[in-house]
Amino acid sequence: MSRLAGMFAGLHVMLADATGTPELALSEDDAADFMGDAQRVLRHYRLQTQQRTIDWITFMGTCGAIYGTRAVAIRLRWASEGRRGGARPASGQRPRIVPFAAPGPPVGDSDAPEITADLDPDPLAG
């Protein structure tokens with residue numbers, strides 16, 4: 001099975017689990033068939049994309065497969081423990097702020113703008 005078909009099948013497994021609808025889960029064979037057929041249909045259209053775009057899509061899919069499954073597992077464990085989230089900052093204390101470079105310019109470009117993000121200590125709390 002290709003990486004893309006594997007991510008497609010994994011996405012459906014996570015969707016089936018998140019919605020409590022096991023019928024949405026795809027087998028590896030179904031995912032491979034779907035992706036193969038989709039590729040055959042797409043060859044009839046003039047679609048151009050940069051390798052960088054394809055790499056980003058693949059990277060984000062891999063991140064979703066790795067961290068999405070962990071997030072679901074954490075939520076399920078927390079639900080079984082009867083809690084809604086992890087530790088929170090003490091009253092009046094702000095979450096930690098970490099600076100990072102914005103995506104865009106090539107690595108090593110000193111003109112890269114710097115942005116910051118609030119790191120919520122409990123990103124899964126609803």
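From a predicted model like this one, the values you see are computed outputs, not experimental measurements.
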**Q** Is Met7 reachable from Phe34 through a run of hydrophobic residues whose side-chain heavy atoms are each under 4.5 Å from the next?
**A** yes
**Q** Where is the tightest heavy-atom contact between Ala5 and Ala31, given as atom of each residue plus distance?
**A** O-CB, 3.5 Å
**Q** So, taking the atom named CZ in Arg70 and the one named CD1 in Ile74, what distance separates them when rounded to the nearest 0.5 Å?
**A** 9.0 Å
**Q** Distance from Asp30 atom CG to Glu28 atom CD, nearest 0.5 Å?
**A** 10.5 Å
**Q** I need the minimum non-hydrogen distance between Ala16 and Pro22, along with the two atoms involved.
**A** CB-CA, 4.1 Å
**Q** List the residues meeting salt bridge (charged side-chain N to carboxylate O under 4.0 Å, His left out) with Asp37, not counting sequence neighbours, and say none if there are none.
**A** Arg40
**Q** Distance-only check: which donor-acceptor pairs under 3.5 Å involve side-chain atoms of residues 60-68, not counting sequence neighbours?
**A**
from  : atom 1 : to    : atom 2 : distance (Å)
Thr62 : OG1    : Arg3  : NH2    : 3.0
Thr62 : OG1    : Thr58 : O      : 3.0

**Q** How far does CG of Leu26 sit from CE of Met35, to the nearest 0.5 angstrom?
**A** 9.0 Å
**Q** Among pairs that include at least one residue of residues 7-26, which meet side-chain hydrogen bond (donor to acceptor under 3.5 Å, both in side chains), considering only residues two or more places apart or in two chains?
**A** Thr19-Thr21
